[in-house]
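Here's the structure, in structure tokens; my notes come after.
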Amino acid sequence: MEEVRVRIAPSPSGNLHIGTARTALFNYLFAKKNNGKFVLRIEDTDAERTSQAYIDNIFDSLKALGLNWDEGPDVGGPYGPYTQSERFDIYPKYVQELLDKGFAYECFCTPEELEAEKEEATRNKKAYVYSKKCENLTDEQKAKLKAEGRKPAIRFNIKKAQKAFHDTSILKFDDLVKGELHVDTDLLGDFVILKSNGTPTYNFAVVIDDMLMKISHVIRGEDHISNTFKQILIFEALGAEVPKFGHLGMILAPDRSKLSKRHGATAVSEFVEKGYLTDALINFVALLGWSPSDGQEIKTVEEIAQDFRIGEISSSNSIFEYDKLNWMNSHYIKMLPMKELEKRLKPYLTKYDLSELTDAEYTRMVEITREPLTLLSDITDAVPYFFGEMVEVEPEVQTDVLDTEISQNVLKEFEKQAQNWEWTEENLHEKLEAFRGEFKEKGIKPKVTMWAVRAAVTGRTKGADMTAILAIIGKDKTLKRVKAAIK
Ligand code: GLU
């Protein structure tokens, strides 16, 4: 059996989109499953929309997701270069081949002439297809146009190719995901393969690259189906083997519209900045179209690769449920080893002076605050009271808790006793228990007693384990804050 070779071919006109990450993952899984090769190709023929920052973002995001490629611009490989802009000298030869075989022709139409054709189609309420006006120009006519200074674009001759390789105008292929797909090629216009400025168009460059890179399977979004028909005809016209194609359904937002910025993050790097773990992201996108045979959704990429079958990918669209991603992310945060979590939280704590805490105190702070984290970035608002001398008290906490007579009594007593406590977590645990006990005897619920202390020390009524908080904050700061809360 021929070697399985798949590719992801992003255009660097933006940061790596989460949908492209899914396409990359499914290609990667297919390669893994079949002992094949996963190739990264950068499709940067559109120089105006391309930027190095986007290329870097694509590399970094794929790597962060663990989708490492076997061949690509940075690692090289037997069929390089893997960046289209470095391949411009490769394409003319194949354009010439198509011209020689009669599957392509020079088109001298100006943008204005083409615009006029399009306007007429609109007026007649018809879908626009190129008129083929330049298909049969004589050599003299062409020479005259060139003498006028017109530079031709090259168009692919759909009908010629279709007739040469198929009995009817219907072109069909068996999609790995969607089953048989077909189109009436009479409805396709002769499209440009080489622009008059000499640059190849996407539909042409992609075929030459897939052919020369020996790509066996093309797995990509269903928005490319209409391109696939055109590409099949170019493969055939060049006498090349046609790869197998599989088209994935779209990823839609919960409101069933196209996933876009207004729904939330869309680029992998944006999700990461917001505090999503790449392990959670990749697990989540795998489930957009694929489901595990054992119903167990939390899985590593390696586990998914074992279970992955391309024929079982759903052919319909998937909904991007941010809530589910959040649930998954909180699960992955819970599973992170402490040391790893400590490291990963640091970028979200830059507004605090971490040198206020010893390493052991930092570890303890993370231990007691990690439980409710959905995003790594949630840590920012979970820990302000560990830093600085004093604390900001929420207005309702002031009126509803600190200003009450009960709280005032609790705090006065706390200040008196705590001055003499040995300030270790173990000892504080005992002391606080006794302290709550004393107030309980006076008819005050332990919960209410602790509210007062918590409100004075943290400015909040909810939060992490109070004994640990006091131990981390230290005796001095604790007493200062309690004093400040007493009227
Ligand atoms: N550069 C194309 C894109 O980003 C690749 C499509 C393909 O996989 O052929 O949409």
Side-chain angles (χ1 to χ4, degrees), residues 4-31 36-51 53-59 61-62 67 69 71-73 79 81-88 91 94 156 173 175-178 181 191-193 195 199-235 238 240-251 258-260 266-268 285 289 310 313:
V4 165
R5 292 180 55 81
V6 294
R7 81 320 189 260
I8 182 76
S11 302
S13 56
N15 291 333
L16 188 84
H17 194 274
I18 192 79
T20 312
R22 181 192 57 162
T23 306
L25 171 66
F26 284 178
N27 277 283
Y28 176 90
L29 293 170
F30 189 68
K37 292 278 190 300
F38 175 55
V39 176
L40 169 63
R41 182 171 72 227
I42 296 293
E43 301 207 322
D44 59 346
T45 49
D46 188 350
E48 269 165 38
R49 300 180 63 205
T50 293
S51 95
Y54 293 144
I55 296 179
D56 293 343
N57 181 277
I58 290 168
F59 282 21
S61 302
L62 288 171
L67 302 176
W69 47 97
E71 296 168 27
Y79 307 106
Y82 292 88
T83 300
Q84 273 182 341
S85 59
E86 293 169 20
R87 298 173 64 79
F88 279 168
Y91 305 115
Y94 297 98
F156 186 73
F173 73 94
D175 190 275
L176 296 165
V177 177
K178 294 187 176 276
L181 296 175
F191 57 97
V192 171
I193 56 174
K195 296 187 206 164
T199 50
T201 58
Y202 157 71
N203 271 316
F204 182 66
V206 79
V207 169
I208 304 307
D209 291 349
D210 285 340
M211 174 179 82
L212 296 177
M213 293 179 184
K214 299 203 170 6
I215 298 303
S216 60
H217 297 76
V218 173
I219 303 165
R220 60 186 172 197
E222 68 176 30
D223 48 331
H224 282 289
I225 290 176
S226 59
N227 290 326
T228 298
F229 292 111
K230 297 175 184 171
Q231 292 170 18
I232 289 173
L233 287 174
I234 303 179
F235 277 107
L238 290 169
E241 196 173 328
V242 182
K244 301 209 165 38
F245 290 93
H247 291 91
L248 310 170
M250 303 306 285
I251 300 176
K258 191 169 173 251
L259 192 66
S260 75
T266 52
V268 170
V285 297
I310 187 139
I313 291 180

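Whatever order the structure lists them in is the order used to number ligands and atoms, beginning at 1.
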Contacts of Pro243 meeting side-chain contact (heavy atoms from CB on, under 4.5 Å) (sequence neighbours excluded), chain-then-number -> Val218, Phe235, Phe245
Which residues satisfy the side-chain contact (heavy atoms from CB on, under 4.5 Å) test with Asp46, sequence neighbours excluded?
-> Glu48, Arg49
Close-range residues for ligand 1, whose non-hydrogen atoms fall below the 4.0 Å threshold | Arg7, Ala9, Pro10, Ser11, Glu43, Tyr202, Val206, Arg220, His224
On the 0 to 90° scale, with breaks at 30° and 60°, tag the Phe156-Phe191 ring pair as parallel, tilted or perpendicular.
-> tilted
Identify whether the distance between the nearest side-chain nitrogen and carboxylate oxygen of Lys178 and Glu222 falls below 4.0 Å.
-> yes
Please list, one pair per line, the donor and acceptor atoms closer than 3.5 Å that link side chains of residues 202-212 to other protein atoms, with sequence neighbours excluded.
{"from": "Tyr202", "atom 1": "OH", "to": "Arg220", "atom 2": "NH1", "distance (Å)": "3.1"}
{"from": "Tyr202", "atom 1": "OH", "to": "His224", "atom 2": "ND1", "distance (Å)": "3.3"}
{"from": "Tyr202", "atom 1": "OH", "to": "Gln231", "atom 2": "NE2", "distance (Å)": "3.3"}
{"from": "Asn203", "atom 1": "OD1", "to": "Gln231", "atom 2": "NE2", "distance (Å)": "2.8"}
{"from": "Asn203", "atom 1": "ND2", "to": "Asn227", "atom 2": "OD1", "distance (Å)": "3.1"}
{"from": "Asp209", "atom 1": "OD1", "to": "Arg87", "atom 2": "NE", "distance (Å)": "2.7"}
{"from": "Asp209", "atom 1": "OD1", "to": "Arg87", "atom 2": "NH2", "distance (Å)": "3.1"}
{"from": "Asp209", "atom 1": "OD1", "to": "Tyr91", "atom 2": "OH", "distance (Å)": "3.0"}
{"from": "Asp209", "atom 1": "OD2", "to": "Gln84", "atom 2": "NE2", "distance (Å)": "2.9"}
{"from": "Asp209", "atom 1": "OD2", "to": "Tyr91", "atom 2": "OH", "distance (Å)": "3.0"}
{"from": "Asp210", "atom 1": "OD1", "to": "Arg7", "atom 2": "NE", "distance (Å)": "3.0"}
{"from": "Asp210", "atom 1": "OD1", "to": "Arg41", "atom 2": "NH1", "distance (Å)": "2.9"}
{"from": "Asp210", "atom 1": "OD1", "to": "Arg41", "atom 2": "NH2", "distance (Å)": "3.0"}
{"from": "Asp210", "atom 1": "OD2", "to": "Arg7", "atom 2": "NH2", "distance (Å)": "3.0"}

Look at the side chain of Asn27 and the backbone N and O of Ile219, then say whether any donor-acceptor pair between them is shorter than 3.5 Å.
-> yes
